[in-house]
Amino acid sequence: MADRLDGKVAVITGASSGMGLATAELFVAEGARVLIADRDVERGETAARQIGNAAHFIKCDVTMEADIAAAVAMAVDRFGGLDIMFNNAGAQGTMARIEDMNTDDWDFTLSLLTRAPMLGIKHAAPEIRKRGGGTILVTSSSAGVRGGMGVAAYAVAKAAAIQLVRMAAGELGGDRIRVNSICPGYIATPIFGRAMGVSEEVADKMAVELAERFAALQPLPRGGKPRDIAEAALFLASDSGSFITGIDLVVDGGMLIQPSVDINDPTNNAVAALLMNTQRDVTEA
Ligand code: NDP
């Protein structure tokens, strides 16, 4: 099948990399036209060029409301309307423990991971309503579902994003606008290297290596890939998901039901060790 999004128009934030990029590629392969909205101009323009005429790039910092409004307006101007808004952009944000928290860092992280999806919903809904309905997606995280995964600000922001989706689904269901989130487990993307402050080159190499090493973190014995999230987004955005709204679709190889490492044990830093060993190995290679 290659027409599940025939004639649809999507805005995908954070689509110059990782899951957003994989989703842009899959959506176009399924007949959609996609606006890649990302803060990284070089990567975003390259991605749009490689995908072809059905993709276009706009520089968009999702912490800025005007940038989100401009992305929605550009999708309408260039492609004639909007059917799908995927609020996916994200980064680790502050890694501080609560006792050491700087309030500006806390506010920034929540602005990136909770306020931005809210603004995406705010600006996309009126345009999607004009089309008689459509889909809004948000990338949440396994860190927002249970304790002991990731750091506080990130986890709180992702938990809030899940509740945002439930509230929006209630508000917009009558207009046939479905709102769902996707909850990834560990997915091999450059986000981990970026959070560790390594170069883009090392972050990319780490993502390749993590695709193998993440196999150890959950019952299904393979690493999670950006394409796994893209497939979930396609399912929710297409007619296959037409009776689904307000959910958080977990895509994690079974990690939340049974992690292979005890992520709730504060003395266990198996994931941190895996990331640091990967950084060391790809840097030395
Ligand atoms: P990537 O780093 O590969 O992609 C995220 C993209 O979002 C990057 O291009 C990044 O740019 C961009 N971005 C960051 N901040 C902004 C901003 N203010 N405005 C616009 N774009 C921005 O990461 P992933 O694909 O892994 O992450 C996608 C989403 O998935 C995120 O929301 C993340 O929190 C979530 N997630 C990831 C998991 C994983 O295991 N990878 C697990 C669970 C959730 P830049 O390089 O400049 O930061």
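When a ligand or atom number is given, it counts from 1 through the structure's own listing order. Because only heavy atoms are used, hydrogens play no part in the values below, and waters and symmetry mates are left out as well, while side chains stay in. The first residue of the sequence shown is numbered 1, and numbering continues consecutively from there.
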request  = Take V9 and I84 through the test side chain to side chain contact (heavy atoms under 4.5 Å, CB included) and record every step on the way to the result.
outcome  = CA-CA 6 Å; V9 176; I84 302 163; over 6 Å; no
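- Heavy-atom contacts of D61 reach the following atoms of ligand 1: 17 (C), 18 (N), 19 (N) (cutoff under 4.0 Å).
- Relative to atom 46 (O) of ligand 1, the option among M19, M64, R43 with the closest non-hydrogen atom is R43.
- Among all non-hydrogen protein atoms, the one lying nearest atom 31 (C) of ligand 1 is N88 O, 3.3 Å.
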task = I would like to know whether R213 and E209 meet salt bridge (charged side-chain N to carboxylate O under 4.0 Å, His left out); could you show each step before the answer?
result = CA-CA 7 Å; R213 300 190 189 195; E209 188 59 34; 3.0 Å; yes
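- Only the side chain of T189 comes within 4.0 Å of ligand 1, counting heavy atoms alone; its backbone N, CA, C and O stay farther away.
- Interface of L112 with ligand 1, defined as ligand atoms under 4.0 Å from a residue heavy atom, comprises 15 (N), 16 (C), 17 (C), 18 (N).
- Checking only distances, S142 never comes within under 3.5 Å of ligand 1, N or O to N or O.
- Ring geometry for F192 against Y186 counts as tilted: the plane angle lies between 30° and 60°, on a 0 to 90° scale.
- Close approach to T139 involves these atoms of ligand 1, each under 4.0 Å from a residue heavy atom: 29 (C), 30 (O), 35 (C).
- Side chains of S16 and D40: a donor-acceptor N/O pair is absent below 3.5 angstrom, by distance only.
- Protein heavy atom nearest atom 19 (N) of ligand 1, with residue, atom name and distance: V62 N, 2.9 Å.
- Considering I187, L217, L21, D252 only, the shortest heavy-atom separation from atom 41 (N) of ligand 1 involves I187.
- Closest to atom 27 (O) of ligand 1 among all protein heavy atoms lies I191 CD1, 3.8 Å.
- Scanning for ring pair (Phe, Tyr, Trp, His ring centres under 6.0 Å) contacts around F57 gives an empty result, with sequence neighbours left out.
- Taking each of K225, R39, E200 in turn, the one with a heavy atom nearest to atom 48 (O) of ligand 1 proves to be R39.
- Using a 4.0 Å cutoff on heavy atoms, G185 counts as a contact of ligand 1.
- Annotation for ligand 1: atoms under 4.0 Å from non-hydrogen atoms of S141 are 43 (C), 44 (C).
- For atom 3 (O) of ligand 1, the closest non-hydrogen atom on the protein side is S17 OG, 2.6 Å.
- Interface of R194 with ligand 1, defined as ligand atoms under 4.0 Å from a residue heavy atom, comprises 1 (P), 2 (O), 3 (O), 8 (C), 46 (O).
- In summary, the side chains of T13 and N87 do not present any donor paired with an acceptor at a separation below 3.5 Å, with no hydrogens or angles considered.
- Rounding to the nearest 0.5 Å gives a distance of 4.0 Å between CZ of R131 and CG of D83.
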key: Verdict with supporting geometry, S142 and D252, side chain to side chain donor-acceptor pair (under 3.5 Å)   = CA-CA 8 Å; S142 47; D252 72 343; over 6 Å; no
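- Protein heavy atom closest to atom 20 (C) of ligand 1, with residue, atom name and distance, is C60 O, 3.0 Å.
- For atom 5 (C) of ligand 1, the nearest non-hydrogen atom from the set A89, G90, A207 belongs to G90.
- Between P184 and ligand 1, no pair of N/O atoms sits closer than 3.5 Å.
- Every N/O-N/O distance between D40 and ligand 1 stays at or above 3.5 Å.
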ask   = L256 and C183: side chain to side chain contact (heavy atoms under 4.5 Å, CB included), yes or no, with the steps?
value = CA-CA 10 Å; L256 284 177; C183 173; 4.3 Å; yes
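- The N/O atoms of G20, backbone and side chain alike, include none that comes under 3.5 Å of an N/O atom in ligand 1.
- If you check the side chains of T189 and R194, you find no donor sitting under 3.5 Å from an acceptor.
- Of the heavy atoms in S140, only backbone atoms (N, CA, C, O) come closer than 4.0 Å to ligand 1.
- If you number the atoms of ligand 1 from 1 as listed, the ones under 4.0 Å from a heavy atom of P190 come out as 3 (O).
- In terms of heavy-atom proximity, T109 sits nearest to G93 at OG1-CA, 3.6 Å.
- As a member of the Ile/Leu/Val/Met/Phe/Trp/Tyr network built from side-chain separations under 4.5 Å, L110 groups with M101, W106, V156.
- Against a heavy-atom cut-off of under 4.0 Å, G18 is close to the following atoms of ligand 1: 3 (O), 25 (O).
- Atom CE of residue M85 and atom CG of residue L119 lie 9.5 Å apart, to the nearest 0.5 angstrom.
- The closest approach between a heavy atom of A203 and any atom of ligand 1 is not below 4.0 Å.
- Between S141 atom OG and I182 atom CD1 the span is 12.5 Å, to the nearest 0.5 Å.
- With respect to atom 36 (N) of ligand 1, the closest heavy atom belonging to the protein is Y154 OH, 3.4 Å.
- Listed by atom number, the atoms of ligand 1 under 4.0 Å from F192 heavy atoms are 39 (C), 40 (O), 41 (N).
- Annotation: the span from K122 atom NZ to R115 atom CZ amounts to 10.0 Å, rounded to 0.5 Å.
- When all heavy atoms are compared, the tightest approach of L217 to M255 is O-CG, 3.6 Å.
- Residue contacts with ligand 1: D38 is placed with a nitrogen or oxygen under 3.5 Å of a nitrogen or oxygen of the ligand (distance criterion only).
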